[in-house]
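What's counted below: heavy atoms across the whole structure, side chains too, no hydrogens, waters or symmetry copies. Predicted model, so just to flag it, every value in this text is computed and none were measured.
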Amino acid sequence: VQLAESGGGSVQAGGSLKLSCAAPGYMFVSCGMAWYRQAPGKERELVSTIRVDGSTNYKDSVKGRFTISQDNAKNTLYLQMNSLKTEDTAVYYCAVDCVTGFQSDFDHPPLDEYLSWGQGTQVTVSS
């Protein structure tokens, strides 16, 4: 499965970035999708999910600042990130779950073996 992220970059604290993830079209009607991130020296963490029914969930620290969305016509998943903080610095990955559709509780994400991943895009927020 080919997932391709783009849109990362460097920005000052308080700024905005919009990440994109291109994916095969069938995933947008059959699978749940998500954004993860991994900061240097830290474990990968789930940032936001969007289910097939369009429902969304967010990590507490990004609620009110990040918005996940998808454009089925463009086969693209997005993550709009506003009011960025230095602690948002990480490599951001899009992921697709065609097994459980990210139906599990947000604090208990699906097993890695269920997921397909993109290559990641670096987001760096400076103070």
Shortest non-hydrogen contact between Tyr93 and Gln119, atoms and distance: CE2-O, 3.5 Å
Closest contact, heavy atoms only, Pro109 versus Leu46: CB-CD2, 3.9 Å
Expected output: side-chain Tyr58 to main-chain Thr49 donor-acceptor under 3.5 Å: no
ILVMFWY cluster, Leu77 and Val52 together (side-chain gap under 4.5 Å): no
Closest approach of Arg65 to Ser83 (non-hydrogen atoms, all atoms of both residues): NH1-O, 2.9 Å
Nearest-0.5 Å distance that lies between atom OG in Ser61 and atom CG in Asp88: 7.0 Å
Working for salt bridge (Lys or Arg N to Asp or Glu O under 4.0 Å), residues Lys63 and Asp60: CA-CA 5 Å; Lys63 285 180 180 176; Asp60 284 346; 3.0 Å; yes
Side-chain donor-acceptor pair present, Ser16, Asn82, cut-off under 3.5 Å: yes
Single hit among Thr67, Ile68, Val47 for side-chain contact (heavy atoms from CB on, under 4.5 Å) with Val62: Val47
Single-linkage hydrophobic cluster, 4.5 Å side-chain cutoff, Met33 and Val29 together: no
Between NZ on residue Lys74 and OG on residue Ser20, distance to nearest 0.5 Å: 9.0 Å
Contacts of Ser104 that satisfy side-chain contact (heavy atoms from CB on, under 4.5 Å) - sequence neighbours left out: Pro110
Pairwise distance CG(Leu115) to SG(Cys94) - rounded to 0.5 angstrom: 11.0 Å
Arg51 charged N/C atom sitting above Phe102 aromatic ring, 6.0 Å / 45°: no
Flag, side chain of Trp35 to backbone of Tyr78, donor-acceptor distance under 3.5 Å: yes
Of Thr124, Val123, Thr121, the residue whose pairing with Leu17 passes side-chain contact (heavy atoms from CB on, under 4.5 Å): Val123
Side-chain donor/acceptor of Thr76 to backbone N/O of Cys21, under 3.5 Å: no
Residue pair Ser126 / Thr86: nearest heavy atoms and the distance that separates them: C-CG2, 4.0 Å
Straight-line distance of Leu79 CG to Gln70 CD, nearest 0.5 Å: 12.5 Å
Closest non-hydrogen atom pair between Ala90 and Gln122, with its separation: O-NE2, 3.4 Å
Face-on cation placement of Lys59 at Phe106 ring, 6.0 Å and 45° thresholds: no
Taking every non-hydrogen atom, the tightest pair across Ser127 and Ala13: CA-CB, 4.4 Å
More than 12 heavy atoms from other groups under 6.0 Å of CD on Gln12: no
Atom pair CG/CZ of Leu84 and Phe66 - distance to nearest 0.5 Å: 5.0 Å
Contact check, side chains of Pro24 and Leu3, non-hydrogen atoms, under 4.5 Å: yes
Ser48 (side chain) donor-acceptor with Asn57 (main chain) under 3.5 angstrom: yes
Test applied, side-chain contact (heavy atoms from CB on, under 4.5 Å); reference residue, Tyr92; option that passes from Gln38, Glu5, Met81: Met81
